[in-house]
Student: 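Take this structure, written in structure tokens, and hold onto it; I'll ask about it next.
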Amino acid sequence: MKNQEVAALLYEIADLMEIKGEIAFKVIAYRRAAQTVETMSKDVEAVWQEGKLEDLQGVGKGIAETIAGFLEKGKSKHLDELKKGFPPGLVDMLELEGIGPKKVKLFYEKLKIKSIKDLEKACKSGKLRNVPGLGEKTEQNILQSIEHAKKRGGRMLLGYAVPIAEQIVAEMKKSGHAERVNVAGSIRRGKETIGDIDILVTSEKPDKAIEFFTKMKDVADVIAKGPTKASVHLHSGLQVDLRVLTDKEYGSALMYFTGSKEHNVEMRRIAIAKRMKLSEYGLLKSDKFVAGHTEEEVYKQLGMQFVPPEIREMRGEIEAAQHGKLPKLIELRDIRGDLQMHTKWSDGSNTVEEMAQAASQLGYQYICITDHAGNMKIANAMGQKEIERQRAEIDKINKHSDIHILQGAEIDIRADGRLDVSNDVLKKLDIVLASLHSALKKDNTSRILAAMDNPNVDIIAHPSGRLIDRRETVALDMPKIIDKAKETCTILEIDAQPNRLDLNDVSVRAAVDAGCLIAIDTDAHAPDQLGFMKLGVLTARRGWTKKEDVINTRPLDKMLKCLK
DNA sequence: GCCGTTTTCGGCCCGACTGTTTTCAGTCG
């Protein structure tokens with residue numbers, strides 16, 4: 001699949017056109033097309049071969065030609081033309097807070113600044129202040145942006161941001177200056193990584209709320225502070241935005257602040273088509289307030305179903321909501337068990353009994369202990385004798401446990417596609433998870449296909465093998481894997497570890513659409529990691545997953561019937 | 001450059017905040 005490459009090409013063209021001073025709508029057009037290609041499940045190359053590029057949303061004659069040229073020749077004439085006369089470091093400057101295309105252009109033309117490094121030097125030597133429109137304050141702000149960029153080094157994992165956001169919500173509630181307090185933004189949408197934290201509050205005393213917010217103990221510096229809105233950096237480098245509103249406009253503001261931006265833009269467009277106006281202050285018809293107290297009422301007034309935050313990504317949710325065809329998404333409370341976790345028998349930090357007790361407190365009916373088995377010494381994998389001893393232990397605990405414990409194992413798929421444990425041993429386990437851990441460059445797709453053909457393999461664990469902050473998705477033919485999963489009745493997993501979330505949202509959706517069954521597991525290596533389940537459910541929801549698509553929403557007997 | 005329940009031409013989301021300006025451009029979300 002070359003979708004990501006094509007999207008990157010279109011984004012880069014957009015960035016360069018913007019710096020060049022191209023009219024805004026052209027730039028927007030390229031970004032929209034890039035987004036379509038980036039998030040669609042079909043292979044862009046296949047669409048091109050069918051001659052149907054122009055059927056894609058936001059792709060017309062011009063952009064279709066650009067894409068076709070790129071797919072044909074492996075490089076883009078259009079992009080090469082644009083790059084002429086532009087040093088490669090220019091677009092990097094767009095990553096800095098407070099720097100947009102106009103400033104980049106200005107820096108380059110007036111001061112020959114070609115990179116972030118040049119820019120830093122120019123600020124330190126006070127050269128920027130000589131340019132009309134720029135001043136001393138601008139220099140300081142840019143230096144600070146560069147510092148933050150160095151510190152932050154990209155986006156933060158959802159699983160790490162959620163506790164921080166919850167902490168801030170708790171503080172704001174305790175402050176006495178805010179009545180309703182919510183996390184909005186990409187955290188509310190459950191995106192796997194987040195750029196900043198958005199907090200929304202209603203308050204009778206906005207100035208007090210803002211004051212309290214900008215003086216919280218974790219705040220390192222204040223970026224912006226007005227009567228209704230403020231932004232700060234925490235000591236960790238993370239940016240937090242606060243917006244203060246009245247109760248009346250709470251719903252429309254929550255919508256606005258939740259995003260995605262693209263979803264909001266489309267919603268506003270729909271409002272205009274209906275001769276109304278949508279902003280964070282409500283839905284207005286000739287300046288008369290129509291809706292805004294709740295999100296539900298805004299969607300209703302625009303003739304749509306309520307769209308859950310997790311799917312507000314411009315992936316077809318608007319059309320579905322207009323036709324009343326949104327699925328009822330899975331919820332955390334639907335989960336009845338967790339089918340992947342580790343104990344001291346391999347690389348976990350607690351006993352079977354301790355994990356069972358923790359799971360029991362979450363209200364689960366069953367769990368599956370899936371310690372590593374085979375030859376993976378690095379994960380302290382169990383041998384055949386240990387598997388038998390573990391079985392005896394589990395049987396013993398099950399006699400007095402209020403939660404049913406299954407014995408499973410996580411088995412490595414070797415470089416040649418064979419499993420690391422013999423079928424005689426696998427047969428005796430309740431559930432077998434197979435997954436890639438090593439030799440990730442070697443023909444990953446056929447290794448997974450081979451594993452699925454094994455009648456003992458029930459679940460493919462963390463199928464793509466990615467680690468969000470360290471390792472890219474291994475090269476996989478996901479459509480092939482999904483087809484095979486359907487054919488062999490193999491379950492695909494969403495591993496809910498913060499740095500995995502694997503399958504990701506897009507792949508989950510493709511799998512569910514194809515009729516595959518999903519398991520959402522935490523892969524917990526300690527009791528508190530069982531709480532990652534909510535991240536897995538968020539990812540499933542982002543993939544339009546329903547309760548019935550997920551095997552561990554079923555009671556024990558029905559769940560077992562889903563296995564091979 | 002794209003697109004059509006207002007349109008095949010003329011629009012394309014909208015408001016807050018900052019820094020530099022004396023009325024606004026640039027940036028952000």
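Bear in mind the structure is a predicted one, so any value in this text is a computation, not a measurement. A, B, ... follow the sequence lines: proteins, then strands. Residue 1 opens every chain. FYI, side chains are in, hydrogens and waters are out, and symmetry mates aren't considered; it's all heavy atoms of this structure.
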Student: Give the nucleotide from the list B:dG29, B:dT27, B:dG1 with an atom nearest to the side chain of A:Ile23.
Tutor: B:dG1
Student: Assign A:Gln140 to base, sugar-phosphate, or nothing according to its heavy-atom contacts below 4.0 angstrom with the strands shown.
Tutor: nothing
Student: Pick base, sugar-phosphate or nothing for A:Pro101, based on heavy-atom distances below 4.0 Å to the nucleic acid.
Tutor: sugar-phosphate
Student: Side chains of A:Ile99 and A:Val104: closer than 4.5 Å at any heavy-atom pair?
Tutor: yes
Student: Between B:dG29, B:dT20, B:dC2, which nucleotide gets closest to the side-chain atoms of A:Ala29?
Tutor: B:dC2
Student: Could you go through nucleotides 14-16 of chain B and list every protein N or O atom that sits under 3.5 Å from one of its N or O atoms, giving the distance for each pair?
Tutor:
from	atom 1	to	atom 2	distance (Å)
B:dC14	O4'	A:Arg268	NH1	2.7
B:dC14	O2	A:Arg268	NH1	3.4
B:dG15	OP1	A:Lys277	NZ	3.1
B:dA16	OP1	A:Tyr281	OH	2.9

Student: Where the side chain of A:Lys261 is defined as all heavy atoms beyond and including C-beta, which of B:dG1, B:dG29, B:dT27 is the nearest nucleotide?
Tutor: B:dG29
Student: Determine the contact category for A:Lys225: base if any of its heavy atoms lies under 4.0 Å from a base atom, sugar-phosphate if only primed atoms, P, OP1 or OP2 are that close, otherwise nothing.
Tutor: sugar-phosphate
Student: Hey, are the side chains of A:Lys127 and A:Ile113 touching, using non-hydrogen atoms and a 4.5 Å cut-off?
Tutor: no
Student: Could you check whether A:Asp196 gets within reach of a base, just the sugar-phosphate, or nothing at all, counting any heavy atom under 4.0 Å?
Tutor: sugar-phosphate
Student: When you measure from the side-chain N and O atoms of A:Ser231 to the phosphate of B:dC28, is any distance below 4.0 Å, counting only OP1 and OP2?
Tutor: no
Student: Among B:dC13, B:dG29, B:dC2, find the nucleotide with the atom closest to the side chain of A:Val265.
Tutor: B:dC13
